[in-house]
Each structure stands twice: as C-alpha cells, then as structure tokens.
Chemist: 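What follows is a single structure, and I will ask about it in a moment.
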Amino acid sequence: MSEALAPQYLCRLEEIPDGQGLGFAFGEGEGRTLIFVVRQGKRVYGYRNSCPHIGTPLDMIPDRFMTHDKRHILCMTHGARFRVYDGYCFTGPCQGQSLARLPLALKDGQVFLEGPAGEARAP
C-alpha cells in the first residue's frame, strides 16, 4: 500500500493577482512537469501547463495565462480559449478537449497541490 503524499505548498493566494495565473515547474529534464494556477476571487484552479492540441505550454510570456478581459485561459500558441472552472476548450484547434486538472487546496490563504504534479486528471 502506498503512502499518501503530503500536500505541496505552492504560494500564498495574494501572490496570484485576481483574474491571472502563476506557473510552477517540478523536476528537471524529461521528468519536468509544468503546471499553473489561476485565481478568480477566493477560488483557485490548477492545470498542467500543456495545451491539448500539441502539448506546448500555454504561456509564451511567463505567467500570461489569461485573455485580456481575464475571463478565460488562453493558449498563446494557437489562440485556444478554455473555461477557467473546468479547463474545457470552447474555441480553437482543440475545441471539445480539456486541460488536465490538478487537485488544489486553499488553506489559511495558502495554495497547496494535493497530489503529484505529474498525475493530472482528466475532467
């Protein structure tokens, strides 16, 4: 039986401006995993930083994950747009697909990843 992993501290909620995202990297080389967290008010949503279209990171400019109006997640490579709350792509080359979600917890104003960064789950 495997032992449960302790939640991984990512940042304080206040470090992510409302309506924006913040990227994180875990590991190195081929084992490196990129993730990002988006904030909307007091809620946070975490995803693998990999577009379902061709696997490129969404942010060509570090930590720029959102559309200008801060309503949707944007893949800067091909312009795909995703809903913040579930990562579903509603327009662009990967329409109908979704970003891989990560389990997050918000405790005392701190954001935690609750599981391995490499084990994102489908919606």
Side-chain angles (χ1 to χ4, degrees):
M1 179 182 275
S2 65
E3 199 172 301
L5 293 174
Q8 171 72 46
Y9 171 77
L10 296 176
C11 64
R12 296 197 53 75
L13 179 63
E14 64 195 29
E15 293 177 60
I16 307 171
D18 195 9
Q20 295 185 38
L22 192 59
F24 301 89
F26 293 92
E28 295 180 26
E30 289 188 28
R32 187 172 186 213
T33 301
L34 301 175
I35 72 167
F36 68 99
V37 176
V38 171
R39 175 181 175 191
Q40 284 195 324
K42 293 187 179 185
R43 292 183 178 219
V44 289
Y45 304 89
Y47 299 99
R48 292 273 312 266
N49 188 0
S50 179
C51 182
H53 178 220
I54 58 171
T56 58
L58 278 71
D59 59 333
M60 291 176 77
I61 300 169
D63 300 323
R64 295 280 303 269
F65 295 100
M66 302 297 289
T67 56
H68 288 292
D69 63 8
K70 301 179 182 181
R71 294 180 54 209
H72 303 104
I73 297 168
L74 174 68
C75 175
M76 294 182 82
T77 303
H78 295 105
R81 292 175 185 237
F82 304 85
R83 296 187 303 219
V84 172
Y85 64 90
D86 64 1
Y88 179 81
C89 180
F90 62 91
T91 187
C94 52
Q95 187 171 355
Q97 296 179 306
S98 296
L99 298 170
R101 291 187 304 192
L102 294 167
L104 298 181
L106 187 58
K107 299 174 186 170
D108 298 321
Q110 298 179 336
V111 181
F112 292 89
L113 175 63
E114 292 194 318
E119 293 184 13
R121 64 176 190 259

Chemist: What I'd like to find out is whether the side chain of K107 reaches to under 4.5 Å of the side chain of P7, using heavy atoms alone.
Modeler: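 Side chain of K107 against side chain of P7, heavy atoms only: contact under 4.5 Å found.
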
Chemist: Checking L113 against F26 for the side chain to side chain contact (heavy atoms under 4.5 Å, CB included) test, could you report, in this order, the C-alpha distance in whole Å, the side-chain angles of both residues, the deciding distance, and whether it holds?
Modeler: CA-CA 11 Å; L113 175 63; F26 293 92; 4.2 Å; yes

Chemist: Would you call V44 and V38 a side-chain contact if the rule is heavy atoms closer than 4.5 Å?
Modeler: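 Contact flag for V44/V38 side chains = no.
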
Chemist: Heavy-atom count check: over 12 atoms from other residues, nucleotides or ligands less than 6.0 Å from R32 CZ?
Modeler: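 No, CZ of R32 has 12 or fewer neighbouring heavy atoms, counting only those of other groups under 6.0 Å.
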
Chemist: Donor-acceptor pair, R39 side chain versus I16 backbone, under 3.5 Å?
Modeler: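 Judged by distance alone, yes, a pair lies under 3.5 Å.
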
Chemist: Do C11 and L22 come close enough that some side-chain heavy atom pair is under 4.5 Å?
Modeler: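 Yes, side chains in contact.
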
Chemist: If every non-hydrogen atom of G19 is compared with every non-hydrogen atom of M66, which pair is closest and at what distance?
Modeler: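 Nearest heavy atoms, G19 then M66: O-CG, 3.3 Å.
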
Chemist: Please tell me whether F82 and Y85 are part of a single hydrophobic cluster in this structure, the criterion being side-chain heavy atoms less than 4.5 Å apart.
Modeler: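 Yes: a chain of side-chain contacts under 4.5 Å links F82 to Y85.
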
Chemist: Give the minimum heavy-atom separation between L99 and S50, together with the two atoms involved.
Modeler: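 Answer, listing the atom of L99 first, then S50: CD2-O, 3.8 Å.
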
Chemist: Is a donor on one side and an acceptor on the other found under 3.5 Å between the side chain of D86 and the backbone of Y88?
Modeler: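 Present.
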
Chemist: Taking M76's backbone N and O only, do any of them form a donor-acceptor pair with D59's side chain (distance below 3.5 Å, no angle check)?
Modeler: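 The answer is no, because no donor-acceptor pair under 3.5 Å joins these two groups.
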
Chemist: Do the rings of Y47 and F36 sit parallel, tilted or perpendicular, given the 30° and 60° boundaries?
Modeler: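 Y47 vs F36 ring planes: tilted.
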
Chemist: Do you reckon L74 sits in the same ILVMFWY cluster as M60, going by side-chain contacts under 4.5 Å, direct or chained?
Modeler: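 L74 clusters together with M60.
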
Chemist: L13 and side-chain contact (heavy atoms from CB on, under 4.5 Å): which partner among L106, V37, D18?
Modeler: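 Only one option passes, and that is L106.
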
Chemist: Please evaluate residues I54 and H78 with respect to the criterion side chain to side chain contact (heavy atoms under 4.5 Å, CB included), reporting the C-alpha separation (whole Å), side-chain torsions for both, the decisive distance (0.1 Å), and the verdict.
Modeler: CA-CA 10 Å; I54 58 171; H78 295 105; 3.5 Å; yes

